Protein chains: 2
Amino acid sequence: MSDVSSAERECGKAFLPKFDSQGLLIAIAVDSETKDILMVAYMDEEALAKTRETGLAHFHSRSRGRLWLKGETSGHFLRVQEMRVDCDQDALILLVKPEGPACHTGARSCFYRRLDGEDLEPIA
Amino acid sequence: MSDVSSAERECGKAFLPKFDSQGLLIAIAVDSETKDILMVAYMDEEALAKTRETGLAHFHSRSRGRLWLKGETSGHFLRVQEMRVDCDQDALILLVKPEGPACHTGARSCFYRRLDGEDLEPIA
């Protein structure tokens with residue numbers, strides 16, 4: 001993909017996702033209603049294709065080394081309403097409608113704690 | 001860091017950031033007023049320490065292989081108001097007050113395009 005110029009990638013109309021040396025890009029799932037960030041994960045080419053094809057967020061699990069349909073066991077799917085891409089096209093925002101808590105802990109968002117000095121505190 | 005249990009990391013009060021095999025974690029900068037995602041980048045241990053120490057967002061530039069104070073050349077610093085961590089502590093949200101456009105293209109946010117079919121369209 002090194003034949004794509006920065007200008008094309010940053011200013012063009014073409015969607016030219018840039019995967020890193022491990023074949024991954026960052027995908028941030030955001031609640032389309034509240035604008036809260038629900039979770040962040042990686043996508044490879046397969047996960048991106050499946051997400052676009054089905055409208056359900058798919059990621060690449062680095063720990064399991066495989067395609068991961070978010071909600072495949074919990075039923076808590078993320079329905080993708082819109083996708084946004086950053087300047088150099090190596091990160092995506094998925095605006096989603098979550099069908100249940102996005103976090104495996106049962107929290108609505110994986111970001112349920114803030115740093116307060118040296119400690120973590122739950123976000124009200 | 002493998003001696004830290006999942007339960008400690010997910011439920012505890014201790015901040016135990018989990019860097020990946022490349023020594024990095026994901027940091028998402030969010031405008032603390034509008035909740036818009038401004039940019040996403042990586043932090044290593046040094047960037048995280050510098051961010052906490054100075055209150056200005058620092059990242060690790062993978063392309064340049066070095067510490068990167070956001071705004072070091074442009075003056076467009078990101079002042080960190082709050083940091084949030086996700087369940088497994090391998091991703092951070094920085095709630096920031098941006099001192100100028102966050103994107104090197106001059107856009108307020110790096111996410112200035114959405115996917116419309118096969119094409120990218122500017123976000124109004």
Side-chain angles (χ1 to χ4, degrees), chain A residues 6-7 9-17 20-22 25-28 30-31 34-42 48 52 62-63 80-95 102-107 109-123, chain B residues 6-7 9-17 20-22 25-28 30-31 34-42 48 52 62-63 80-95 102-107 109-123:
Chain A
S6 291
R9 198 160 247 136
E10 293 181 357
C11 310
K13 285 184 66 115
F15 182 47
L16 302 163
D20 70 8
S21 59
Q22 294 173 87
L25 51 71
I26 294 173
I28 307 166
V30 173
D31 187 310
T34 65
K35 294 176 82 171
D36 287 325
I37 296 175
L38 299 176
M39 59 175 288
V40 56
Y42 289 94
L48 176 56
R52 296 180 72 189
R62 294 195 296 176
S63 56
V80 180
Q81 321 272 291
E82 185 177 313
M83 292 178 63
R84 297 181 180 178
V85 65
D86 76 341
C87 47
D88 56 359
Q89 303 205 34
D90 63 358
L92 299 173
I93 291 174
L94 314 178
L95 293 176
C103 187
H104 74 285
T105 61
S109 160
C110 293
F111 295 89
Y112 48 83
R113 292 169 296 180
R114 66 182 173 80
L115 193 55
D116 182 17
E118 294 303 310
D119 294 326
L120 298 180
E121 293 291 339
I123 293 167
Chain B
S6 291
R9 198 160 246 136
E10 294 180 357
C11 311
K13 283 185 66 119
F15 182 47
L16 302 164
D20 70 9
S21 59
Q22 293 173 88
L25 51 72
I26 294 174
I28 306 166
V30 174
D31 188 309
T34 65
K35 292 177 82 171
D36 287 325
I37 296 175
L38 300 176
M39 59 175 290
V40 56
Y42 288 94
L48 177 57
R52 296 181 72 188
R62 294 195 297 175
S63 56
V80 179
Q81 321 271 292
E82 184 177 313
M83 292 178 63
R84 296 180 182 180
V85 64
D86 76 341
C87 47
D88 55 359
Q89 303 206 33
D90 63 358
L92 299 173
I93 291 174
L94 314 177
L95 293 176
C103 187
H104 74 284
T105 61
S109 160
C110 293
F111 295 89
Y112 48 82
R113 292 169 297 181
R114 66 183 174 81
L115 193 56
D116 182 18
E118 293 303 309
D119 294 325
L120 298 180
E121 291 293 338
I123 293 167

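Residue numbers start from 1 in every chain, and the chains themselves are labelled A, B, ... in the order their sequence lines are given, proteins ahead of strands. Bear in mind the structure is a predicted one, so any value in this text is a computation, not a measurement.
Looking at A:Phe15 and B:Asp116, their side chains never come closer than 4.5 Å, going by heavy atoms from C-beta outward. Considering only heavy atoms from C-beta on, B:Val30 stays 4.5 Å or farther from B:Leu38 through its side chain.
Summarising the geometry, atom CG belonging to A:Leu92 is positioned 8.5 Å from atom CG belonging to B:Leu115; distances are rounded to the nearest 0.5 Å. The structure places CZ of B:Phe111 at 9.0 Å from CE of B:Met39, a figure rounded to the nearest 0.5 Å.
Screening A:Asp86, A:Asp88, A:Ile93 for a side chain to side chain contact (heavy atoms under 4.5 Å, CB included) with B:Cys110, the sole residue that qualifies is A:Asp86.
Between chain A and the residues B:Ala107, B:Pro122, B:Gly12, the most heavy-atom pairs under 4.5 angstrom are made by B:Gly12. Interface check for chain B: of the options A:Arg113, A:Met83, A:Arg84, A:Glu121, the most heavy-atom pairs under 4.5 Å are formed by A:Arg113. Contact count against chain A (heavy-atom pairs under 4.5 Å) is highest for B:Ile37 among B:Val40, B:Thr105, B:Ile37, B:Asp90.
Proximity to chain B (any heavy atom under 4.5 Å) is shown, for A:Ala91, by both the backbone and the side chain. With a 4.5 angstrom heavy-atom cutoff, A:Ile28 touches chain B only via side-chain atoms. Contacts of A:Asp20 with chain B are made by side-chain atoms alone, with heavy-atom separations under 4.5 Å and no backbone atom involved. For a residue to count as touching a neighbouring chain, one of its non-hydrogen atoms must lie under 4.5 Å from one of that chain's; by this rule A:Glu82 touches chain B with the side chain only.
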inquiry  = B:Ile123 vs B:Tyr112, test: side-chain contact (heavy atoms from CB on, under 4.5 Å). Steps then yes/no.
reply    = CA-CA 6 Å; B:Ile123 293 167; B:Tyr112 48 82; 5.7 Å; no
